[in-house]
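Data first, discussion second: the structure below is written as structure tokens.
By convention in this document, chain letters (A, B, ...) are assigned in the order of the sequence lines, proteins followed by strands, and residues within each chain are numbered from 1. All values derive from a computational prediction rather than experimental measurement.
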Amino acid sequence: MTTPTKGRMIRLSDGSAFSSSKDTILEDLEENNVTLEYHCREGFCGACRCKLISGEVDYTIDPLAFIDDDEILPCCTIPLTDIMLDI
Amino acid sequence: MKYTTFNQQPTDFMVEPMFFGNPVNVARYDQQKHAIFEKLIEKQISFFWRPEEVDVSKDRMDFQSLSEAEKHIFISNLKYQTLLDSVQGRSPNIALLPIVSLPELETWIETWSFFETIHSRSYTHILRNLFTDPSHVFDDIIANDEIKRRAADISKYYDALIFATQLWQTQGEGTHVVDGETHVINMRELKKKLYLCMNSVNALEAIRFYVSFACTFAFAERKLMEGNSKIIRLIARDENLHLTSTQHILNLWAKGKDDPEMAEIAAECEEEAREIFLNAVQQEKEWAHYLFANGSMIGLNEDILCQYVEYIANQRMAAIGLGQPFDVSSNPLPWMNNYLNSDNVQVAPQESEISSYLVGQIDSEVSADDFDEFEL
Ligand code: FES
Ligand SMILES: [Fe+2]
Ligand SMILES: [Fe+2]
């Protein structure tokens with residue numbers, strides 16, 4: 001969380017891309033009118049689960065939801081590098 | 001193997017499986033084989049709430065203004081939820097505590113069940129406010145065929161596991177005749193029953209509440225029954241956490257990260273697990289049909305509710321490796337998410353009189369670190 005993480009590129013599998021400016025990846029997606037499912041927005045329900053194709057993220061809280069090794073929870077992550085999501 | 005409340009043998013919990021290993025002795029949380037359960041306990045306790053904190057008195061007037069069809073929808077849903085929480089308030093304890101082998105998981109199960117009893121008590125709180133004497137509502141739960149059919153399906157996997165465990169713990173492995181019926185008890189069978197039971201609980205908490213939640217929040221969208229909606233939001237937040245716990249258990253098994261025999265059983269019983277889920281989906285759709293039999297409510301109808309059930313089922317089945325069998329790619333009730341969001345649960349007290357002062361304060365001030373020294 002010490003690395004500045006704004007201004008990273010978030011790319012989606014449909015080819016669209018934008019740069020991060022919010023507190024979580026989910027908020028960045030919403031800011032750019034990408035609809036992603038969410039319930040808790042606190043990392044414990046898993047509703048926002050999605051595949052991280054490339055890049056690295058950091059968690060803003062300790063996530064409790066079950067995720068697979070290649071998945072992230074956008075509601076409680078920020079991009080550490082440019083990232084590509086399977087959305 | 002006979003159950004003992006304090007196993008005198010020294011046990012290394014770091015090598016025990018979640019279930020059917022050695023019985024737990026010391027309730028210690030300094031070493032955790034699966035730390036996730038300790039984190040779930042912390043989170044669940046941080047959610048603590050009391051039904052009495054939510055003022056439901058305005059709902060009484062709202063209820064009088066509902067159409068007969070809407071009253072049927074509202075009350076039937078409360079009956080169904082009462083059934084679900086009656087089962088959930090006791091069954092994880094009775095079915096799982098006698099066979100659990102990890103202290104953090106044992107305490108999670110107790111914490112989880114305890115919160116179900118809060119849910120149960122909240123239905124009495126809601127109904128007492130609507131009716132001077134709500135007993136006819138409760139009495140109908142064991143008379144109403146629509147509800148009874150669901151009850152049978154929900155409790156049967158629990159009951160099968162509980163009975164087999166009792167035979168095993170009193171008579172050991174072998175073939176036992178009870179009341180003229182023959183029962184073959186061996187570890188493989190016990191574990192299979194546990195696996196199916198866990199899938200049934202997972203499906204229950206994954207989708208069985210959501211038809212009812214959708215109706216509640218559709219009323220709230222019209223500014224009706226908002227006290228009730230506040231309570232249901234607190235319940236929904238807890239349910240999401242419970243669901244996460246059974247998803248973890250099922251995935252730990254399936255991925256071979258716990259008991260290797262459970263990984264085999266998971267592979268062997270995948271079809272049965274899928275059937276349990278699909279059957280729950282079907283029953284929820286039938287429930288939507290029953291709710292709207294006397295007429296719809298504004299903002300919802302049977303069709304859209306069934307699509308929502310399929311949408312939620314896709315997500316929840318994918319989370320436990322059962323794929324996405326339904327063809328619904330976008331959320332047909334997007335406004336639902338605003339109510340399932342845990343941030344929104346703590347609104348300003350004046351908004352609907354939740355003294356969520358207490359609830360809100362705990363939630364915002366407790367971080368995972370605060371519980372580092374936490375012991376029961
Ligand atoms: S919305 Fe619940 S985990 Fe992201
Ligand atoms: Fe519950
Ligand atoms: Fe629950």
Side-chain angles (χ1 to χ4, degrees), chain A residues 1-2 5 10-16 20-53 57-78 84-87, chain B residues 35-44 46-47 108 202 205-206 210 213 233 236-252 254-255 257 311-312 314-316 318-321 329-331 333-334 336-345 363-364 366-369 371:
Chain A
M1 289 267 311
T2 46
T5 53
I10 300 178
R11 286 172 215 286
L12 308 183
S13 47
D14 67 359
S16 59
S20 64
S21 65
K22 305 299 246 182
D23 293 336
T24 66
I25 294 173
L26 179 59
E27 286 177 21
D28 274 314
L29 291 167
E30 288 170 341
E31 176 78 2
N32 291 278
N33 298 316
V34 180
T35 324
L36 187 71
E37 184 68 8
Y38 66 83
H39 287 176
C40 71
R41 300 180 81 95
E42 257 184 44
F44 66 81
C45 78
C48 65
R49 225 157 49 91
C50 76
K51 268 201 176 60
L52 176 67
I53 298 171
V57 301
D58 197 7
Y59 279 86
T60 58
I61 47 166
D62 192 6
L64 304 187
F66 172 82
I67 43 168
D68 253 320
D69 297 337
D70 58 347
E71 292 173 330
I72 62 160
L73 298 169
C75 74
C76 54
T77 44
I78 44 169
M84 172 115 155
L85 297 174
D86 185 20
I87 296 177
Chain B
I36 182 65
F37 298 111
E38 173 68 6
K39 293 179 187 172
L40 288 168
I41 296 166
E42 288 167 5
K43 192 75 178 171
Q44 180 69 89
S46 81
F47 286 170
W108 163 249
N202 177 266
E205 298 192 311
Y210 281 80
F213 287 169
R233 280 156 87 172
R237 181 177 65 171
D238 293 340
E239 291 309 334
N240 255 329
L241 201 61
H242 304 170
L243 174 65
T244 288
S245 80
T246 53
Q247 286 176 347
H248 275 287
I249 293 172
L250 291 170
N251 280 304
L252 285 167
K255 292 176 191 301
K257 293 182 181 168
Y311 178 74
I312 288 278
N314 265 353
Q315 289 200 329
R316 268 89 206 262
I320 50 168
S329 54
S330 68
N331 187 345
L333 301 175
M336 280 288 284
N337 291 354
N338 299 330
Y339 293 91
L340 297 168
N341 171 351
S342 62
D343 273 1
N344 282 346
V345 182
D363 196 64
S364 56
V366 173
S367 74
D369 302 342
F371 281 97

Pair listing, side-chain hydrogen bond (donor to acceptor under 3.5 Å, both in side chains) test, anchored in residues 243-252 of chain B, at least two apart: B:W108-B:S245, B:N202-B:T246
Contacts of B:K257 that satisfy salt bridge (charged side-chain N to carboxylate O under 4.0 Å, His left out) - sequence neighbours left out: none
Side-chain touch A:F66/B:I249, heavy atoms, less than 4.5 angstrom: no
Inter-chain contacts: residues 20-29 of chain A against chain B, heavy atoms under 4.5 Å: none
B:L241 portion near chain A, given a 4.5 angstrom heavy-atom threshold: both
Student check: side-chain heavy atoms of B:N240 and A:E42 closer than 4.5 Å: no
Heavy-atom proximity to chain A below 4.5 Å, by part of B:L252: neither
Heavy-atom pair of closest approach, residues B:S342 and A:C40: OG-O, 3.1 Å
Residues A:D68 and B:K255 bridged, charged N to O under 4.0 Å: yes
Which residues share a ring-ring contact (aromatic ring centres under 6.0 Å, His included) with A:H39, sequence neighbours left out: none
Structural part of B:A318 lying under 4.5 Å from a heavy atom of chain A: both
4.5 Å side-chain heavy-atom contact, B:N331 and A:T35: no
Heavy-atom check, side chain of A:F44 versus side chain of B:K39, under 4.5 Å: no
